[in-house]
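For reference, the structure is listed below as structure tokens.
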Amino acid sequence: MSSLLREEMKRILFRPEGQKLKEFIEIHEPVPGRHFLCVYVTKTKEVHLCVVRSQKSQKSPNNASRKNLHSQFSKRSGLEDSYLKTEVWLLQDLTLLDGRDPDVDDPCFLMHFTTVRSVTAFSCGAKYCLARALVNLCEQHCGRPLTLANYDMAYIKPSCFYSNRGDCVIVMQICFYAANLVCLSMCPVPLD
């Protein structure tokens, strides 16, 4: 589902502007609708963070409300989803990413710009996934390390060769080894 959502957001919101969506997570917001914290790179190689609100459009709006919808939302797909960038920041303006408490499974974190923006991700894994992406993008595009506080660094900066290749590769390797063990356990062994 998230890969379909990623492709739809890329196609509707980011590609027309020449931007590349690098990472996104779903977040909780007090305003109705689904919300995402997105990280994207512009044509000029600037890295931006933005909050995107996704809202289901009415199935058959009349012309007046349709114009209202188009003016309120930046882009709209034929799949009845409308997207609006509600807040935008530059990654270079991010002075601190604060995970609040590394010893508690807490999906909340703080982004320190000129003001502090509190964000609640849907999971702690999503919070760490975003932090890893921001650390890498800050080193690549800003030429400086991102300042982190209250994160378990073992999950941010990989310490071994295999964890650097991504979570999916690790899971695939584990599944491959498990399948090999199952196959080997089913092979007949001579009892001579």
Side-chain angles (χ1 to χ4, degrees), residues 1-29 31-59 69-70 73-91 94 97 99 105-109 111 117 119-141 146 151-152 154-158 160-179:
M1 180 66 179
S2 69
S3 61
L4 293 174
L5 184 60
R6 173 187 286 269
E7 286 305 314
E8 184 179 12
M9 275 203 293
K10 279 183 182 179
R11 180 178 55 83
I12 294 168
L13 196 58
F14 295 103
R15 245 184 239 139
E17 305 292 326
Q19 301 163 343
K20 293 181 182 176
L21 178 63
K22 293 295 188 176
E23 189 62 59
F24 79 99
I25 61 169
E26 190 164 358
I27 60 173
H28 294 284
E29 290 286 296
V31 179
R34 291 178 76 183
H35 294 81
F36 305 95
L37 182 59
C38 301
V39 182
Y40 63 94
V41 180
T42 65
K43 291 179 193 177
T44 60
K45 303 294 183 197
E46 288 183 323
V47 182
H48 292 253
L49 291 92
C50 70
V51 174
V52 172
R53 181 174 62 187
S54 170
Q55 184 172 319
K56 294 284 182 192
S57 303
Q58 296 175 1
K59 293 200 184 228
L69 255 170
H70 281 294
F73 292 97
S74 61
K75 302 291 178 183
R76 186 174 138 189
S77 81
L79 300 174
E80 302 176 32
D81 283 345
S82 300
Y83 297 97
L84 173 66
K85 291 179 185 176
T86 59
E87 296 175 79
V88 179
W89 307 274
L90 284 169
L91 179 60
L94 181 62
L97 190 63
D105 193 18
D106 181 16
C108 297
F109 60 98
M111 297 188 302
R117 174 62 155 90
V119 178
T120 303
F122 262 66
S123 70
C124 196
K127 172 176 98 170
Y128 274 88
C129 183
L130 182 76
R132 281 191 299 271
L134 291 176
V135 165
N136 290 333
L137 288 168
C138 197
E139 288 174 359
Q140 289 174 4
H141 294 276
L146 179 63
Y151 277 93
D152 188 347
Y155 294 109
I156 300 294
K157 285 284 193 179
C160 69
F161 174 73
Y162 289 107
S163 63
N164 197 20
R165 296 189 297 173
D167 297 337
C168 292
V169 174
I170 293 170
V171 171
M172 285 180 11
Q173 285 179 334
I174 292 170
C175 291
F176 177 72
Y177 291 136

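The closest side-chain heavy-atom distance from Leu37 to Phe109 is below 4.5 Å. Cys38 places none of its side-chain heavy atoms less than 4.5 Å from the side chain of Glu23. Here the side chains of Thr86 and Val52 are not in contact, with every heavy-atom distance at 4.5 Å or above. Between Glu7 and Leu5 there is no side-chain heavy-atom pair separated by less than 4.5 Å. Annotation: side chain of Val135 is in contact with side chain of Lys157 (closest heavy-atom distance under 4.5 Å). When side chains are defined from C-beta on, Leu91 counts as touching Leu137, because their heavy atoms get closer than 4.5 Å. At a threshold of 4.5 Å between non-hydrogen side-chain atoms, the residues Leu21 and Val39 do not count as touching. Side chains of Met111 and Leu94 form a contact here, defined as non-hydrogen atoms less than 4.5 Å apart.
Using cut-offs of 30° and 60° on the angle between ring planes, the pair Phe36 and Phe24 is perpendicular.
Shown here for Ile25 and Ala121, the closest heavy-atom pair between the two residues is CD1-CB, 3.8 Å. Cys124 approaches Asp105 most closely through the heavy-atom pair CB-OD1, 2.7 Å.
Within 6.0 Å of atom NZ in Lys20, 12 or fewer heavy atoms from other residues, nucleotides or ligands are found, so the atom counts as exposed in its surroundings.
In this structure, OH on Tyr128 lies 11.5 Å from OG on Ser123, to the nearest 0.5 angstrom. Atom CZ of Arg53 and atom NZ of Lys85 lie 14.5 Å apart (nearest 0.5 Å). For the atom pair CG of Leu49 and CG of Leu130, the computed distance is 7.0 Å after rounding to the nearest 0.5 Å. Atom OG in Ser3 sits 10.0 Å away from atom NZ in Lys10 (nearest 0.5 Å).
In terms of modelled atom types and a separation under 3.5 Å, the side chain of Tyr40 and the main chain of Cys50 share no donor-acceptor contact. Under a 3.5 Å cut-off, the side chain of Ser54 and the backbone N or O of Arg34 do not form any donor-acceptor pair. In this structure, His35 contributes its side chain and Gly33 its backbone to a donor-acceptor pair below 3.5 Å.
Under the 4.0 Å criterion applied to side-chain N and carboxylate O atoms, Glu29 and Arg117 are assigned as salt-bridge partners.
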Full working for side-chain contact (heavy atoms from CB on, under 4.5 Å) between His48 and Thr42: CA-CA 8 Å; His48 292 253; Thr42 65; 3.3 Å; yes
Apply side-chain contact (heavy atoms from CB on, under 4.5 Å) to residues Leu97 and Leu146 and explain how you reach the verdict. CA-CA 8 Å; Leu97 190 63; Leu146 179 63; 4.2 Å; yes
Report the C-alpha separation of Glu46 and Val41 in whole Å, then their side-chain angles, then the decisive distance to 0.1 Å, and conclude whether the side-chain contact (heavy atoms from CB on, under 4.5 Å) test is met. CA-CA 6 Å; Glu46 288 183 323; Val41 180; over 6 Å; no
Let's go through Val51 and Trp89 carefully: what are the C-alpha distance in whole Å and the side-chain angles of both, what is the deciding distance for side-chain contact (heavy atoms from CB on, under 4.5 Å) to 0.1 Å, and is it a yes or a no? CA-CA 9 Å; Val51 174; Trp89 307 274; 3.9 Å; yes
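If you run side chain to side chain contact (heavy atoms under 4.5 Å, CB included) between Gln19 and each of Glu17, Lys22, Arg15, only Glu17 comes through.
Annotation: cation-pi geometry satisfied between Lys127 and Tyr151 (NZ/CZ under 6.0 angstrom from ring centroid, within 45° of ring axis).
Using a 3.5 Å distance cut-off with no hydrogens or angles, the side chains of Gln55 and Tyr83 do not pair a donor with an acceptor.
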